[in-house]
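Notes follow the structure.
Naming convention: chains lettered A, B, ... in sequence-line order (proteins, then strands); numbering from 1 in each chain. Remember, predicted model here, so these are calculated numbers, not experimental data.
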2 protein chains.
Amino acid sequence: MSRSHTHVSEEVTDQACPLVEVIDHVAGKWSISILVAAARGPIRFTELERSIEGISRRMLTLNLRRLERDGLLTRTVHPTVPPKVEYSLTAMARELYSYLTGLVEWAERHRGAIAQARTAYDSKAAAVPQAGQPHP
Amino acid sequence: MSRSHTHVSEEVTDQACPLVEVIDHVAGKWSISILVAAARGPIRFTELERSIEGISRRMLTLNLRRLERDGLLTRTVHPTVPPKVEYSLTAMARELYSYLTGLVEWAERHRGAIAQARTAYDSKAAAVPQAGQPHP
DNA sequence: CCGTATCCGCTCGGATACTG
DNA sequence: CAGTATCCGAGCGGATACGG
């Protein structure tokens with residue numbers, strides 16, 4: 001945000017493409033699901049819509065466009081009737097894939113532990129009258 | 001994957017803790033920065049604030065609380081004056097660490113390519129009058 | 001089948017001010 | 001030092017309707 005003034009001549013990419021933003025796009029809530037789903041091979045719009053639980057059509061479209069714009073997905077339109085559109089990973093995205101699945105597998109392994117940690121945290125926060133008591 | 005029949009015991013954590021939500025917390029915009037920064041060893045609040053470019057105090061606090069609640073960070077208060085609070089990764093989070101750095105390194109490697117892909121996409125979208133023309 | 005467009009509630013998140 | 005509290009604008013995201 002408050003970037004000290006860089007030379008505008010060469011490194012536009014540094015300004016235009018902060019790491020945090022790239023990661024945010026790539027590791028976004030739906031992006032991971034989409035990329036993992038598309039990793040098996042070309043996949044159609046409605047297949048994505050059905051395979052990703054809870055995503056709305058709007059959010060699917062928005063994420064697909066953003067991933068395409070970032071060069072992670074290619075969109076291929078087959079001029080048939082009815083229309084058929086397929087999305088595939090680019091080389092860049094295939095390289096990303098293993099990190100994503102690693103993340104997902106980690107989340108699966110620790111999902112239970114996380115749920116327990118939340119319960120513990122919440123019950124602890126609820127029962128601390130001797131410290132959190134604002135006297136009336 | 002989406003609709004295999006779950007046992008009741010798993011169903012509880014499944015409801016309380018959807019995979020997508022876990023990933024969203026863990027791979028969130030600021031979460032990654034925080035976890036990576038805390039991986040080197042116990043780190044203080046202001047150290048985090050200074051080392052993470054662009055984060056506000058509010059967002060830092062919110063993310064720290066959420067990570068603590070999810071069992072990824074431990075918060076240790078040293079009863080000194082002035083007060084000293086340190087955050088450390090839990091075992092669960094240290095296991096996550098390598099996937100996160102993998103992601104970050106990927107983002108660094110391809111930051112330039114992504115910036116170029118965006119430029120290409122935008123210029124293509126701007127100059128396609130023969131296909132995108134909405135006839136009046 | 002594969003989207004786009006519009007409305008709108010709701011949350012995110014920065015700015016600011018105040019405590020132990 | 002390490003937060004909490006409150007305000008408030010921006011934009012995310014669901015619902016709905018429509019088009020090629």
Next item on the list: Please state whether the phosphate of C/dG13, meaning OP1 or OP2, lies under 4.0 angstrom from any side-chain nitrogen or oxygen of B/S56.
Entry: no

Note to self: Measuring to OP1 and OP2 of C/dG3, would you say a side-chain N or O of A/Y87 lies under 4.0 angstrom away?
What the structure shows: yes

Spacing of [X] atom [atom1] relative to [N] atom [atom2], expressed in whole Å:
X     : N      : atom1 : atom2 : result
A/N63 : D/dG13 : CG    : C1'   : 11 Å
A/E68 : C/dC2  : CD    : C1'   : 13 Å
B/I52 : D/dA2  : CD1   : P     : 14 Å
A/L64 : C/dC2  : CG    : C1'   : 11 Å
A/D24 : D/dC12 : CG    : P     : 10 Å
A/E21 : D/dG11 : CD    : P     : 13 Å
A/H25 : D/dC12 : NE2   : C1'   : 13 Å
B/R50 : D/dG3  : CZ    : C1'   : 15 Å

Item checked: A/L19 vs B/E108 side-chain heavy atoms within contact, under 4.5 Å -> yes

Check: Side chains of A/D122 and B/R69: closer than 4.5 Å at any heavy-atom pair?
Finding: yes

Check: Is A/R109 salt-bridged to B/E95, cutoff N-O under 4.0 Å?
Finding: yes

Margin query: Check this for me: does any side-chain nitrogen of one of A/R118 and B/E21 sit under 4.0 Å from a carboxylate oxygen of the other?
Written below: yes

Protein-nucleotides 4-11 of chain C N/O pairs closer than 3.5 Å?
unit_1 : atom_1 : unit_2 : atom_2 : d
C/dT4  : OP1    : A/R65  : NE     : 3.4

Notebook entry, point to check: Taking five pairs at each end, how big is the angle between the two axes of the helix from C/dC1-D/dG20 to C/dG20-D/dC1, to 10°?
Noted result: 50°

Notebook entry, point to check: Taking for each residue the nucleotide of DNA chain D bearing the nearest heavy atom, is the 5' side occupied by A/K29 or by B/P82?
Noted result: B/P82

Checklist line | Same cluster (ILVMFWY, side-chain, under 4.5 Å), A/Y87 and B/Y121 | finding: no

Next item on the list: Treat each ILVMFWY residue as a node, draw an edge where side-chain heavy atoms are under 4.5 Å apart, and state whether B/L60 and B/V77 are in one component.
Entry: yes

Item checked: Given C/dG20, C/dG14, C/dC2, the nucleotide with the shortest approach to the side chain of B/P83 -> C/dG20

Next item on the list: Identify which nucleotide among D/dG13, D/dG3, C/dG14 has an atom closest to any side-chain atom of A/M59, counting heavy atoms from C-beta outward.
Entry: D/dG13

Item checked: Rounded distance [0.5 Å steps], CD in B/E86 versus NE2 in B/H78 -> 4.0 Å

Notebook entry, point to check: So which of A/I43, A/L73, A/L72 actually passes side chain to side chain contact (heavy atoms under 4.5 Å, CB included) with A/I34?
Noted result: A/L73

Next item on the list: Using heavy atoms to find the nearest nucleotide of DNA chain C for B/I55 and A/T46 separately, return the residue whose nucleotide is more 5′.
Entry: A/T46

Next item on the list: With sequence neighbours excluded, tell me which residues meet salt bridge (Lys or Arg N to Asp or Glu O under 4.0 Å) with B/R66.
Entry: none

